Protein chains: 2
Amino acid sequence: MTDKKENIIQAALELFASEGYNAVATSKIAKVAGVSEGLIFRHFENKKGLLDAIMQDAEIRISQVFAPILFELDPQKVIQKTLELPFSIEQKEYNFWKLQYKLKWEPEYHNPRKMKPVLDKLEWAFAELGYQNPPLEAELVIYILDSIAIAILREGLQSQLKFKSFLVSKYNS
Amino acid sequence: MTDKKENIIQAALELFASEGYNAVATSKIAKVAGVSEGLIFRHFENKKGLLDAIMQDAEIRISQVFAPILFELDPQKVIQKTLELPFSIEQKEYNFWKLQYKLKWEPEYHNPRKMKPVLDKLEWAFAELGYQNPPLEAELVIYILDSIAIAILREGLQSQLKFKSFLVSKYNS
DNA sequence: CAATAATGAGTGAGTACTTACAATCTGATT
DNA sequence: AATCAGATTGTAAGTACTCACTCATTATTG
């Protein structure tokens with residue numbers, strides 16, 4: 001990957017995340033990336049192709065975030081590590097996650113399969129710990145974390161830190 | 001309000017909710033509303049003014065949904081009624097709520113003040129019932145309901161009904 | 001000297017919005 | 001009832017502009 005191609009992806013990610021895909025002109029992406037507009041279309045088939053490339057990178061980064069949970073063998077720790085997920089988002093990755101959540105409303109890019117492995121692992125953990133309804137407990141945790149992640153992305157980590165210990169103690173059997 | 005003005009609002013609401021504000025052309029709104037494009041700009045200052053008008057209607061409808069909770073005096077019932085909120089969304093109001101959630105990412109239209117009265121009432125209810133951390137319990141409930149509402153809007157009521165009794169029993173002290 | 005990377009003015013389609021004009025409604029006066 | 005002026009509601013065809021995308025040309029590299 002050339003430097004300029006990477007510049008384009010970074011600029012597009014930043015602009016798509018803050019202003020939305022449709023609201024951002026390719027001319028603006030080129031300007032922010034310090035690149036000619038034509039170069040965008042040399043590297044990507046079209047504007048949507050650029051978005052697709054960004055979202056493809058996403059899959060890898062997301063699976064890397066989930067890995068430690070999937071390899072954990074202690075059910076209690078599975079739950080704790082999951083609960084701590086949204087609080088460990090790196091600031092420099094905020095744009096990336098903002099885009100993920102914004103695109104959840106576009107059916108084409110909303111892919112619940114991404115969460116499936118974590119959901120399954122959580123369900124297993126709740127079952128191990130003797131919870132009455134592991135599938136719903138697991139789904140509920142995902143729901144809570146989604147809302148907290150969104151709040152962090154919008155209002156900053158500080159505003160939501162209070163939930164970290166609150167949740168962990170709530171799920172400490 | 002004339003029939004055609006109402007047509008414009010309905011068409012715009014439907015299109016904004018399903019395709020997003022920026023992605024919808026005023027010419028398309030006019031077509032769906034069965035109206036000339038110019039009429040949009042007679043009734044509304046500009047495209048954004050049309051969105052504003054839609055969102056103003058929103059305030060009223062939202063406060064009507066919240067009213068029964070705010071007048072409730074039994075803390076246990078306050079919690080139960082709140083938990084049941086997302087399951088009582090009328091199908092014909094789906095577009096309206098979809099737009100509300102989509103616009104949450106636009107700072108201009110994301111207004112947490114709307115939820116404040118319910119949040120306060122919930123906090124009071126949890127305090128009455130002797131919960132250890134009423135403010136966080138209240139905020140957590142709102143988070144859960146947000147996620148469930150979004151899931152209902154995306155996947156339908158049926159897919160989430162399982163949570164109704166699950167949540168109510170979870171908060172039955 | 002190829003081959004590739006990069007440019008940026010140009011293109012047609014689509015955009016929000018305007019304008020000039022026509023139809024319809026309102027209600028006060030014959 | 002009939003009339004009709006003024007206001008309101010509506011239309012069709014623009015206007016200026018922005019957009020995603022192209023292409024002929026130029027720089028860079030191995």
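Please read all numbers here as calculations on a predicted model, not as lab measurements. So you know, we letter chains A, B, ... as the sequences are listed, proteins then strands, and number each from 1.
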Atom-pair distance (CZ on F41(B); C1' on dA12(D)), nearest Å: 15 Å

Nearest heavy-atom neighbours spanning F163(B) and L136(A): CE2-O, 3.7 Å

Nucleotide dA20(D), atom P - distance to CD1 of I40(A) in whole Å: 9 Å

Which nucleotide in dT18(C), dT11(D), dA6(C) has an atom nearest any side-chain atom of S36(A): dA6(C)

Nearest-Å distance for atom pair CD1/P, residues I29(B) and dA16(C): 7 Å

Crowding at NZ, K28(B) (>12 non-hydrogen neighbours, <6.0 Å): no

Rounded distance in Å - NZ (K4(A)) to P (dA6(C)): 6 Å

Listed nucleotide nearest any side-chain atom of R42(B), set dT7(C), dT18(C), dA20(C): dA20(C)

Sugar-phosphate, base or nothing in reach of K5(B), heavy atoms under 4.0 Å: nothing

Rounded distance (Å) that lies between atom P of dA9(C) and atom NZ of K31(A): 13 Å

Length of the CG-P vector between N46(A) and dA13(C), whole Å: 18 Å

Test of ring centre spacing under 6.0 Å for F126(B) and Y171(B): yes

Nucleotide dA23(C), atom P - distance to CG of L39(B) in whole Å: 16 Å

Nearest heavy-atom neighbours spanning W97(B) and I89(B): CD1-CG2, 3.5 Å

K48(B) NZ/CZ over Y21(B) ring centroid, <6.0 Å and within 45° of normal: no

Short side-chain N/O contact from H43(B) to OP1 or OP2 of dT8(D), under 4.0 Å: no

Residue T2(B), side-chain heavy atoms: nucleotide from dA6(C), dT18(C), dG10(D) that is nearest: dG10(D)

Touch class at under 4.0 angstrom, heavy-atom based, for T26(A) against every strand present: base

d(CZ, F44(A); P, dA20(D)) in whole Å: 15 Å

